[in-house]
Amino acid sequence: MSTLKDRLTADMRTALKARDELTTSTLRMALAAVGTAEVAGKAKRELTDDEVLAVLTKEAKKRREAATAFADAGRAEQAAKETAEGDVLERYLPKQLSDEELAELVAGALAAGGFDGKAQMGPAMKAAQAAVAGRAEGGRVAAEVRRQLGL
């Protein structure tokens, strides 16, 4: 079993004993998503920490998008709940890069690969994503790559 999944399980049990309903329900949801990812495909398998991290990142993004949608629809209470769930998940994610750090990493990746022009967008994104290593959302990375390529 992966250590991140063990940590999620242990933290959920602690929250359950402390009667912290928000943390308990959020971690249950996260562990269910991890379990779903484990059984996806032809055979059940244990996820690595990186794969568990990817699942948590996806779930946190869902919470942010849902909070925005609820806020836009005037449902402040539901938006606050989604934001709080997102905050619980953020504890398990790596610290996100600032805009300056992201620009620096993308510039380094583009220079190392010698990428320029619109035709190079795909390979440039692959190199930039590898340099960022999950510490920034794909949309932010893509926007920075486009900016630096002059698109």
Handout entry: Test log, rule side chain to side chain contact (heavy atoms under 4.5 Å, CB included), inputs Met12 and Leu31
Key = CA-CA 9 Å; Met12 185 194 68; Leu31 286 167; 4.0 Å; yes
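- Comment: Glu51 engages Arg45 in a salt bridge, judged by a side-chain N to carboxylate O separation of less than 4.0 angstrom.
- A distance of 11.5 Å separates NZ in Lys58 from CG in Leu56, rounded to the nearest 0.5 Å.
- Arg13 contributes atom CZ, which lies 11.5 Å from atom CG of Leu8 (distance to the nearest 0.5 angstrom).
- Annotation: salt bridge (Lys or Arg N to Asp or Glu O under 4.0 Å) contacts involving residues 31-42, sequence neighbours excluded, comprise Lys5-Glu38, Glu38-Lys44.
- A salt bridge does not link Glu77 to Lys81: none of the charged side-chain nitrogens sits closer than 4.0 Å to a carboxylate oxygen.
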Practice task
Dump the intermediate steps for side chain to side chain contact (heavy atoms under 4.5 Å, CB included) on Val52 and Thr48, then the final yes or no.
Solution key: CA-CA 6 Å; Val52 172; Thr48 65; over 6 Å; no
Show me the donor-acceptor pairs, under 3.5 Å and distance only, between side chains in residues 65-74 and residues at least two apart or in other chains.
from, atom 1, to, atom 2, distance (Å)
Thr68, OG1, Arg64, O, 3.0

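- Rounded to the nearest 0.5 angstrom, Asp87 CG and Glu82 CD are separated by 11.5 Å.
- What you find for Ala103 and Arg147 is that their closest heavy atoms are CB-NH2, 4.2 Å.
- When the side chains of ILVMFWY residues are joined at heavy-atom separations under 4.5 Å, either directly or via intervening members, Leu22 and Leu89 end up in a single hydrophobic cluster.
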Exercise for the section: Test Thr26 against Met29 for side chain to side chain contact (heavy atoms under 4.5 Å, CB included), laying out the working first. Expected result: CA-CA 5 Å; Thr26 303; Met29 172 272 310; 4.0 Å; yes
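- Looking at Glu144, its side chain never comes within 3.5 Å of a backbone N or O of Leu102 through a donor-acceptor pair.
- Between Leu4 atom CG and Asp6 atom CG the span is 9.0 Å, to the nearest 0.5 Å.
- Listed here is the closest heavy atom pair of Glu59 and Ala33: OE2-CB, 3.5 Å.
- By the 4.5 Å heavy-atom criterion applied to side chains, Val145 and Leu149 are counted as neighbours.
- In this structure, CD on Glu90 lies 8.5 Å from OG1 on Thr57, to the nearest 0.5 angstrom.
- Of the inter-residue distances, the one linking Lys17 atom NZ with Thr24 atom OG1 reads 11.5 Å to the nearest 0.5 angstrom.
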Taking distance alone, no hydrogens or angles, what donor-acceptor pairs closer than 3.5 Å link side-chain atoms of residues 92-100 to residues at least two apart or in another chain?
from, atom 1, to, atom 2, distance (Å)
Tyr92, OH, Asp11, OD2, 2.6
Ser98, OG, Glu100, OE1, 3.4
Ser98, OG, Glu101, N, 3.2
Ser98, OG, Glu101, OE1, 3.3
Asp99, OD1, Arg140, NH2, 2.9

